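Notes to accompany the following structure.
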Amino acid sequence: MNLKAGKITVVKKGDAFLGKFLAFLLPKATAGAFSSPGRILVIRPGGIGDAALLIPALAMLNVRFPDCRITILAEKRNAAVFILCNAAERVLCYDRPRELRTAMRQDYDLVIDTEQWHRLSAVVARLCSAPRSIGFGTNERARLFSTAIAYSHDDYEMDSFFHLLEPLGLRAPENLPIPFLTVPEAARLRADEFLAPLDGKRFVAIFPGASIPERRWGASRFSEVAHRLAGRGISVVAVGGGEDVADGERIAAAGSGFNLAGKCSLVESAAVIARSAVLLSGDSGILHLGVGLGVPTVSLFGPGIQAKWGPKGPRHIVLNRQLPCSPCTRFGTTPPCRIHSRCLSEISVDEVAVSVWQLLFPTDATRHPS
């Protein structure tokens, strides 16, 4: 288990005990007088994907209440995503004690907790000074909101976040504007510097990482895809964090291109992905950045729930073996796999390469890199 996964496990265990105790201890929330919200606190702990898919709801909130001031209470691991969001005025971190205290000392008209399962974020929402609070009523946390919203595994996660706005008279738009993430100019210029060796040529971005081992397809398979694309004159650029450097080097060495894993900030990585012709990724937060940036994607699903997390639309191809034991993720937790993640390993290099080619050249799919 890597350090990041270990920290997440500790948080989940702490929430199961301390969070449950505090949820019962605090008085039940009631609704106070409420009109148009001027100051709004939106709580979004968790990973990159949740943060990215929340941003369209934040944009709608900002359009409906143009004078509102939105503060985001995120985590260190996902806070940078909100740099890509024009609706957020301020971003503080849930897991930085000083910033958490700062957030909780403010007066708000409305608190929206977008966490799905953990109770501690609902405790924070209950302790904040606000006449109205909204959150998912998935367990004991329901009593801590003045309005608790039902949550379903069958809803696309972006739609789940829009459900939180329904008590305010807002609903998901029929046609979502794409892209819905905005890359700052400084990051775009930095991406231009990173990508200068390609001299403007099209490339495929590959993200080999995942938050847990059960969602990793494997560097060797990604490398083979890169090799096949190189044979057809298509370069690849590997992206990711410091933990993805070795896999990125292996992918870059097998194809035509280079490795940017560990060399870019999250926002700079987003700028690089925005320049790509296709993003190839597993079920990951980086995948949802690509979706939000308007980039066609090929994604590999197994443990995760495709209906909830799989990208939608003709510009996105989701590969899923649909084994009887898949998906196995429930309530934010994926159990250890006893059959070595067959749901992913049985997805072949050939079908991934063909899928990437279909998005690169939709009118010339017969010349796939097999």
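We number each residue from 1, following the sequence as shown. Just the heavy atoms: all of them, side chains too, but no hydrogens, waters or symmetry mates, feed the values below. This structure is a prediction, so every number in the text was calculated from the model and none was measured.
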Taking atom CZ as the centre, does Arg330 end up with more than 12 heavy-atom neighbours from other residues, nucleotides or ligands that are less than 6.0 angstrom away? yes

Verdict with reasoning, Val225 to Val204, per side chain to side chain contact (heavy atoms under 4.5 Å, CB included): CA-CA 10 Å; Val225 173; Val204 172; over 6 Å; no

Donor-acceptor contact present, side-chain Arg143 to main-chain Ala23, <3.5 Å: yes

Show, in sequence, the C-alpha distance, side-chain angles and deciding distance for Ser341 and Arg216, and conclude whether the side chain to side chain donor-acceptor pair (under 3.5 Å) test is met. CA-CA 9 Å; Ser341 299; Arg216 288 181 176 270; over 6 Å; no

Against the six-membered ring of Phe194, is Lys263 placed for a cation-pi contact (under 6.0 Å from the centre, within 45° of the normal)? no

Lys/Arg-Asp/Glu bridge criterion (N-O < 4.0 Å) met for Glu193, Arg190: yes

Is there a side chain to side chain contact (heavy atoms under 4.5 Å, CB included) between Val81 and Leu54? Walk through the geometry before answering. CA-CA 10 Å; Val81 176; Leu54 172 62; over 6 Å; no

Worked verdict on Asp155 versus His163 for side chain to side chain contact (heavy atoms under 4.5 Å, CB included): CA-CA 10 Å; Asp155 293 335; His163 291 329; 3.5 Å; yes

May I ask you to say whether Lys76 pairs ionically with Glu99, meaning some side-chain N is under 4.0 Å from a carboxylate O? no

Are Trp309 and Phe301 an aromatic pair by the rule of ring centers under 6.0 Å? no

Just checking Lys201: does its NZ atom have more than 12 heavy atoms from other residues, nucleotides or ligands closer to it than 6.0 angstrom? no

Side-chain contact, heavy-atom cut-off 4.5 Å: Arg275 with Arg188? yes

Please check if the side chain of Asp283 supplies one atom and the backbone of Gly302 the other of a donor-acceptor pair under 3.5 Å. no

Compute whether any side-chain donor of one residue and acceptor of the other, for Ser211 and Arg77, lie under 3.5 angstrom apart. no

Regarding His227 and Glu224, is there a side-chain donor-to-acceptor distance under 3.5 Å anywhere? no

Is the ring pair Phe361/Trp357 parallel, tilted or perpendicular, if the boundaries are 30 and 60 degrees? tilted

Kindly give the heavy-atom pair with the smallest separation between Ser152 and Ser160, and that separation in Å. O-OG, 4.3 Å

Can you tell me how far CG of Asp113 sits from CZ of Arg141, rounded to the nearest 0.5 angstrom? 4.5 Å

Kindly determine whether Val237 and Phe258 satisfy side chain to side chain contact (heavy atoms under 4.5 Å, CB included), including the steps that lead there. CA-CA 5 Å; Val237 174; Phe258 44 85; 4.1 Å; yes

Would you say Asp95's side chain and Glu75's backbone share a donor-acceptor pair under 3.5 angstrom? no

Are Asp107 and Arg39 close enough for a salt bridge, meaning some N to O gap below 4.0 Å? no

In terms of the angle between their ring planes, are Phe136 and Phe161 parallel, tilted or perpendicular, with boundaries placed at 30° and 60°? tilted

With no hydrogens and no angle check, just 3.5 Å: does a side-chain donor-acceptor pair link Arg44 and Thr114? yes

ILVMFWY cluster, Met104 and Leu25 together (side-chain gap under 4.5 Å): yes

